[in-house]
Protein chains: 2
Amino acid sequence: MATDRRVRNGVPCPIGRAIDAVGERWALLILRNATLGMTRFEDFRSDLGIADNILSTRLARLVDLGLLTRVPYRDGGRTRNEYRLTAAGADLLPVLHALAAWGHEHTTPDEPAEPMRVVHRTCGHATTPGGHCDHCGQPVRREEEAWIRPWRSPEPIPLAAPVTG
Amino acid sequence: MATDRRVRNGVPCPIGRAIDAVGERWALLILRNATLGMTRFEDFRSDLGIADNILSTRLARLVDLGLLTRVPYRDGGRTRNEYRLTAAGADLLPVLHALAAWGHEHTTPDEPAEPMRVVHRTCGHATTPGGHCDHCGQPVRREEEAWIRPWRSPEPIPLAAPVTG
DNA sequence: GTAGCAGACTTGCTTATCGCAAGCCAGCAA
DNA sequence: TTGCTGGCTTGCGATAAGCAAGTCTGCTAC
């Protein structure tokens, strides 16, 4: 099963292995956008401003590594492919959250903006780095968690559910 | 103050800004090694197998961004520089921990090895993703946390303390 | 004085990757 | 048949990475 496949890439250190898998700019940005529910080639391309060939290569690699999977869908008469997170890809969420927290604390946007929030959808309160609700105290499952990116929209964005590849 | 300097790099998303700052292979590996207490050019170079000019460029960039700082030290008669984490650099620890957890779960080393552990130095038990001690339940401060990398040594490696730049 | 040392950084070059823009391809509709 | 769409491929120039040697600095030894 693709979702159970462990990337074998050698070094003893799990940090090193994770970096070998995803420690580069475009992979991380693609995974962020996939987490937001983005699935289509053109959407990734235009949102990220990435070259076709680079995007194509990166998507293929992430599929190969089992972090994304191609899902066929019908578009008019044609079968097209979209790209969705696998469980392994979705499990990078804590990395993305840690990056968000660090980015919020240590970097500054060009334009002042409400900061991004990670919230418990049910009650609207923030979640902690450990994945608990600030308000309820309970662990928050992925499907009850959302991002709010106020510079885009005040609506909570549910996190994309992983699919089995 | 260098430690209070926020990287200004534009995009509204803090994840995107964090990725712009550190979302590339060598920066992340250097920061991992700096967290382990590595400070010297030659040590980074030989451990990472990175080219001189690439390492030099990356170190300078991380210093420029305020994640590392050069600290003069005496070597025999000469003043040399070592590279140490700033507070901003040290605050990337949750990113490294998240990468470690993901790498452990989803990648496989070439040689079987005891996995890396993040422990509370005082009692020896593991710490949670939220930074609490599994055993004591208390939040664990950085200076009470250590990594154990059994493929290298069974000794806990204290995490490098940040210095003011 | 010169020669030698160590190690951080620089340099010149080759190789690899990225990015741009156009082209190709597949599967459909008219 | 042509035309459309959009994912992927291609050819090319630009940029970054990597290799290996050189330079620089501040010291010691002779």
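Here the structure is a predicted model, which is why all the values come from computation and not from measurement. Chain letters run A, B, ... following the sequence lines, proteins first, then strands; residues in each count from 1.
- Under a 3.5 Å cut-off, the side chain of B:R61 and the backbone N or O of B:A21 do form a donor-acceptor pair.
- Donor-acceptor pairing under 3.5 Å is lacking for the side chains of B:H97 and B:W102.
- Taking only side-chain atoms of A:A51, from C-beta outward, the nucleotide of D:dG6, C:dC20, D:dC8 with the closest atom is C:dC20.
- In this structure, B:I54 atom CD1 and C:dT11 atom C1' are separated by 13 Å, rounded to whole Å.
- Here the P atom of nucleotide C:dC18 and the CG atom of A:L59 are 14 Å apart, to the nearest Å.
- Per the geometry, CD1 belonging to A:I50 stands 14 Å off C1' belonging to D:dG7, to the nearest Å.
- The residues A:E114 and A:R149 are annotated as not salt-bridged, no charged nitrogen and carboxylate oxygen being separated by less than 4.0 angstrom.
- Protein atom CG of B:N81 is 12 Å distant from nucleotide atom P of D:dG26, rounded to whole Å.
- In this structure, the side chain of B:R142 engages the main chain of B:A160 through a donor-acceptor pair within 3.5 Å.
- B:T39 contributes atom OG1, which lies 11.0 Å from atom CG of B:N33 (distance to the nearest 0.5 angstrom).
- Summarising the geometry, atom CG belonging to B:L68 is positioned 11.5 Å from atom CD belonging to B:E82; distances are rounded to the nearest 0.5 Å.
- The CG atom of A:D52 sits 11 Å away from the P atom of C:dA21 (whole-angstrom rounding).
- Taking a cutoff of 4.0 Å between a charged side-chain nitrogen and a carboxylate oxygen, A:E24 and A:R58 qualify as a salt bridge.
- Atom pair A:L55:CG and D:dG7:C1' shows a separation of 9 Å (rounding to whole Å applied).
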Write down the protein N/O and nucleotide N/O pairs, taken from nucleotides 27-30 of chain C, whose separation is under 3.5 Å; answer none if there are no such pairs.
residue : atom : partner : partner atom : Å
C:dC28  : OP1  : A:G77   : O            : 2.4

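- Atom CG in B:L68 sits about 14 Å away from atom P in C:dA8, given to the nearest Å.
- The stretch residues 24-48 of chain B touches DNA chain D through B:W26, each having a heavy atom under 4.0 angstrom from the strand.
- Distance A:N53 CG to C:dG23 P: 16 Å, rounded to the nearest Å.
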Hey, can you pull the donor-acceptor pairs under 3.5 Å for the side chains in residues 124-134 of chain B, sequence neighbours left out?
residue : atom : partner : partner atom : Å
B:H125  : ND1  : B:C123  : O            : 3.3
B:T127  : OG1  : B:E145  : OE2          : 2.9
B:T128  : OG1  : B:G130  : N            : 3.4
B:T128  : OG1  : B:G131  : N            : 3.4
B:T128  : OG1  : B:H132  : N            : 3.0
B:T128  : OG1  : B:H132  : O            : 3.3

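- A salt bridge between A:E42 and A:R40 is absent, with no side-chain N of the basic residue lying under 4.0 Å from a carboxylate O of the acidic one.
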